[in-house]
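As the structure is a computational prediction, the values presented were derived from the model and not from experiment. Note that these values count all heavy atoms, side chains included, but never hydrogens, waters or copies made by symmetry. In this chain, residues are counted from 1 in sequence order.
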Amino acid sequence: MENPEQDDVSFLQKDSLCDPLYCLLPSIKPRVPQHQVFEAMVTHVDEKAVVWVVPIEDLDSLDNIAAGCLECREQETEVSPGLLCVGGLGRKLIRVRILKDLEDGSFLSMNVDSGEMIKCPKENLYKISSRLLHIPPFAVPVKLYGVQKFKKSLRIEDFMLNESISGPELGLVTVAVIEESVHTLPLPANIYFASNEDKYGGNLAFRMLKMGM
């Protein structure tokens with residue numbers, strides 16, 4: 001099946017192909033929650049300190065996406081930056097956006113439902129079904145309000161050295177967007193998590209500051 005969004009690749013800037021925030025084409029951006037405050041699950045924190053979250057109402061749909069990816073078994077032969085397809089990650093199949101040709105037979109890609117960057121060999125890329133192609137990405141990028149990263153780039157391993165701040169270990173968080181009706185990405189927001197039996201007892205930005213990031 002031909003990907004109808006392939007003509008939109010010109011939207012990408014040549015020097016920003018590796019930046020996932022510039023690889024969210026207008027027609028396939030994640031749905032921005034309508035509420036200024038919403039619950040979500042943290043799925044990834046990238047090297048730019050952008051926090052990727054999946055709104056709670058979309059969590060159940062991730063299983064449907066996983067099941068749909070298992071049905072996509074036709075090899076993708078026309079691979080280029082901007083393409084949305086299905087990629088193999090171990091035994092898992094996930095929706096990925098191709099970001100860059102690494103010239104070694106693999107491609108730098110982004111899991112559009114978690115925000116994670118992965119390296120996919122060409123033989124592990126499959127044509128995406130029409131149904132999956134028209135479901136917006138579930139991972140929403142969030143920029144923590146009022147702080148900036150201390151290190152040039154952050155590694156997910158840095159977070160694991162002290163306390164885990166991503167994935168199921170953190171549990172559900174509350175995302176509070178700074179202003180109403182914000183639709184630009186990443187969303188400027190505060191992220192609160194449960195701490196000491198208080199649902200909003202922890203502030204993710206403060207924890208990162210405490211960890212020297």
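- With rounding to the nearest 0.5 Å, the separation of CD in Glu116 from NE2 in His44 is 5.5 Å.
- Between Val96 and Leu84, the closest side-chain pair of non-hydrogen atoms is not below 4.5 Å.
- Under the 4.5 Å side-chain criterion, counting only non-hydrogen atoms from C-beta, Arg95 is not in contact with Asn111.
- With sequence neighbours excluded, no residue forms a salt bridge (Lys or Arg N to Asp or Glu O under 4.0 Å) with Glu123.
- Pairing each heavy atom of Pro55 with each of Pro33, the nearest pair is CG-CG, 3.8 Å.
- Using a 4.5 Å cut-off between side-chain heavy atoms of Ile, Leu, Val, Met, Phe, Trp and Tyr, with links allowed through other members, Tyr145 and Phe206 fall into different hydrophobic clusters.
- Screening residues 55-71 for side chain to side chain donor-acceptor pair (under 3.5 Å) gives Arg31-Asp58 as the qualifying pairs, with residues at least two apart or on separate chains.
- Side-chain atoms of Ile191 and Leu144, non-hydrogen and from C-beta on, do get closer than 4.5 Å to each other.
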Give the intermediate values and the outcome of side-chain contact (heavy atoms from CB on, under 4.5 Å) for residues Val37 and Val175. CA-CA 6 Å; Val37 179; Val175 180; over 6 Å; no

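- In plain terms, the two heavy atoms of Cys120 and Gly88 that are nearest each other are SG-O, 4.3 Å.
- Applying the side chain to side chain donor-acceptor pair (under 3.5 Å) test to Lys119 and every residue at least two apart in sequence or in another chain returns Asp104.
- With sequence neighbours excluded, the residues that form a side-chain contact (heavy atoms from CB on, under 4.5 Å) with Asn124 are Pro121.
- Nearest heavy-atom pair across Gly115 and Ala139 is N-CB, 3.7 Å.
- Between atom CG of residue Leu204 and atom CZ of residue Phe193 there is a gap of 6.5 Å, rounded to the nearest 0.5 Å.
- Counting only heavy atoms from C-beta outward, the side chains of Leu132 and Cys72 approach each other to under 4.5 Å.
- In terms of the side-chain contact (heavy atoms from CB on, under 4.5 Å) criterion, Ala66 has no residue partners (sequence neighbours excluded).
- Ile178 and Val53 fall into different hydrophobic clusters, where Ile, Leu, Val, Met, Phe, Trp and Tyr residues are linked whenever their side-chain heavy atoms come under 4.5 Å apart, directly or through other members.
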Verify side-chain contact (heavy atoms from CB on, under 4.5 Å) between Val177 and Glu179, making sure each step is shown before the conclusion. CA-CA 6 Å; Val177 183; Glu179 299 178 1; 5.7 Å; no

Under the side-chain contact (heavy atoms from CB on, under 4.5 Å) rule, what do Leu99 and Met117 come out as? Steps first, then yes or no, please. CA-CA 9 Å; Leu99 304 184; Met117 306 283 280; 3.3 Å; yes

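- You'll find the side chain of Val32 stays beyond 4.5 Å of the side chain of Val140, heavy atoms only.
- Side-chain contact between Met41 and Leu59: present, with at least one pair of heavy atoms (C-beta onward) separated by less than 4.5 Å.
- Taken from CG in Leu125 to CD in Glu76, the straight-line distance is 7.5 Å, to the nearest 0.5 Å.
- The line from OG of Ser109 to NZ of Lys100 is 12.5 Å long, rounded to the nearest 0.5 Å.
- Using a 4.5 Å cut-off on side-chain heavy atoms (C-beta onward), Pro141 and Val51 make no contact.
- Qualifying side-chain contact (heavy atoms from CB on, under 4.5 Å) partners for Lys122, counting only residues two or more places apart in sequence or in other chains: Val79, Phe107.
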Start with the C-alpha gap between Leu187 and Val182, add the side-chain angles, then the distance that decides, and say whether side-chain contact (heavy atoms from CB on, under 4.5 Å) holds. CA-CA 7 Å; Leu187 294 175; Val182 175; 4.1 Å; yes

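- The distance from atom CG of Leu93 to atom CG of Leu70, rounded to the nearest 0.5 Å, is 5.5 Å.
- Contact annotation: the side chain of Trp52 never approaches that of Val45 to less than 4.5 Å [non-hydrogen atoms, C-beta and beyond].
- Rounded to the nearest 0.5 Å, atoms SG (Cys85) and CG (Leu133) are 10.5 Å apart.
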